[in-house]
Trainee: 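Here's a structure for you.
So that the names make sense, note that chain A is the first sequence line, chain B the second, and so on, each numbered from 1. These numbers come from a predicted model, not from an experiment.
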Amino acid sequence: MQKIEAIIRHYKLEDVKAALTDKGIIGMTVSEVRGFGRQRGHKEQYRGAEYTVDFLPKIRLEIVLNDDQVPTAIEAITESAKTGRVGDGKIFVSPIDEVIRIRTGEAGGEAI
Amino acid sequence: MKKIFLRGAIAFATVLLMTGIPVLADDAETIEEVTEVVTIDSGNVAWMLTSSALVLMMTAPGLALFYGGLVRKKNILGVMMQCVFLMGMMSVIWAICGYSLAFGGTNPYFGNFDHLFLKGIIPSAELSMEASVDGMIFTVFQGMFFIITPALICGAFAERMKFSTMCVYSALWGVLIYCPIAHWVWADSGWLCEWNEAALFPALDFAGGTVVHISSGCSALVCAILVGKRLGFGQEPMPPHNLTYTTIGAALLWVGWFGFNAGSALAANAFAVNAFVATHMAAAAGVVAWAGAEWVKRGKPSILGACSGAVAGLVCITPAAGAVNPIHGLILGFIAGIGCFFACTTLKNHFGYDDSLDAFGVHGVGGTIGALLVGVFATVHITGGRVGLLEGNPGQMVNQVVSIAASAALGIIGSFILLKILDATMGLRVSQDEERQGLDLSQHDEEGYIFL
């Protein structure tokens, strides 16, 4: 089992969700996060006071999958979240030791 | 500290018992006598009660949201509490002595103690400025001004002032600075009063350019300088945490201002209609001017600029709404929008003081522009008598300048002395840790936004 964590642009969330569900991948957790990489921040002005905002708003999408689905998911996310400009985000993949469904107590791959 | 409050409360209760009860007994008889002779004009009463409620709405939710959205989120309750608590505290002071000190007696400079505990204030329909001002409606309408004026100053020391010191400062400021200026300008015997034939410098101030905006704006500048900059000012970003609140607040202020200005006609008459329309036009022109100035200067107009422009226009038309027509209102609003934009950006950055929410930049500067320009544009078609520079009365400019200088001087000198005394006794600022933690938690043990 693997966890895919993808940092994407806000307005790409619907596209990414549609691409994943098209491939039969259902179930995901989404949160609003802030951060920066190479894109860096932008400037904001309030009554003449200028601030550089380093932490840009992004969406973090988390999915846990069985190993065989991981390449499909990565492909779906990469294709749907890409604009080709700096700031498209990143995908992190990490191993998951155990998954338990709270309602039934099922564990492992069946619980995903 | 607690002991002082307790002793104060006991002393207050004693005074109330000794003086308050006989006063109430007196009034019971007077009300019966007077309601028999006075005919109540239901139209005037309805408009004045509505206006009074509109002016109260300006402090909270209007100003509370306007200022609340501009601070960082750890301080939103701190700002809102200042507004709401002043609604309570200033009303209490107004009833005990504020009204009497502002409108009592026939001295040109000071009120007296004739109306302590609202003695002799009875419900009556006598609303015209020339006639008696003892009507209960006039008292409550003016009381709403007494609330919002110190609340405006809170913008200057936002995010760092100790709440207890803010309370004492506002109370003393109301009694020692607001009441005398209101007496000079609006009491029948005042030395700056427009309709007082014996006035030294009869100045035009319809709804409070000097009394409300210059007094609070100039005091705000002193506060910003004496309280000092916020920790990290100029180094850390301090952007407004919720401009949606600020926008709602500005819209509520705009609506409330119709009560503030059109209500200052003290009747439902043509004067009120003109003030209403002129007020609206000034706000509208202010929006276009400020946002337009930003558009030209930095390429994009901002919602904060549009909201600030509306308030600047409204401040500027306040002294003039009873003396100029709506097209003059457009001109005033436009000039205030540009003038306050430069005061809040270029001027403030140049001198480097931390007038956090621009109480001086908008109210001090906008009020001064308005008080000057009413001396230029005042027209006989609206005032029915006193005119300004353009209609051949340059002397009116002198009166306006004197009224501006006098109210600014009392605001600046009075606030300076008050703040120096409070600094030495109570301290003006919260500790550095408390400031970093935010006023919500450090002053009130509450949080504006809780994650549940």
Trainee: Counting only heavy atoms not in Glu110(A) (residues, nucleotides, ligands), do more than 12 fall under 6.0 Å from its CD?
Mentor: no

Trainee: Around Phe55(A), counting heavy atoms of other residues, nucleotides and ligands shown, do more than 12 lie under 6.0 Å from its CZ?
Mentor: no

Trainee: When rounded to the nearest 0.5 angstrom, what is the spacing between OG1 in Thr345(B) and CD in Glu50(A)?
Mentor: 12.5 Å

Trainee: In terms of heavy-atom proximity below 4.5 Å to chain A, should Ser302(B) be classed as side chain, backbone, both, or neither?
Mentor: neither

Trainee: Please report the interatomic distance OG1(Thr246(B)) to OH(Tyr46(A)), rounded to the nearest 0.5 Å.
Mentor: 10.5 Å

Trainee: Looking at Pro237(B) and Tyr51(A), what are the two nearest heavy atoms and their distance?
Mentor: CA-CD2, 3.4 Å

Trainee: Any chance NE2 of His350(B) has more than 12 other-residue heavy atoms, nucleotides or ligands included, within less than 6.0 Å?
Mentor: no

Trainee: Is there a side-chain contact between Arg47(A) and Leu70(B), using heavy atoms and a 4.5 Å cut-off?
Mentor: yes

Trainee: If we define contacts as heavy-atom pairs under 4.5 Å, which of Leu243(B), Asp358(B), Thr346(B) has the most with chain A?
Mentor: Asp358(B)

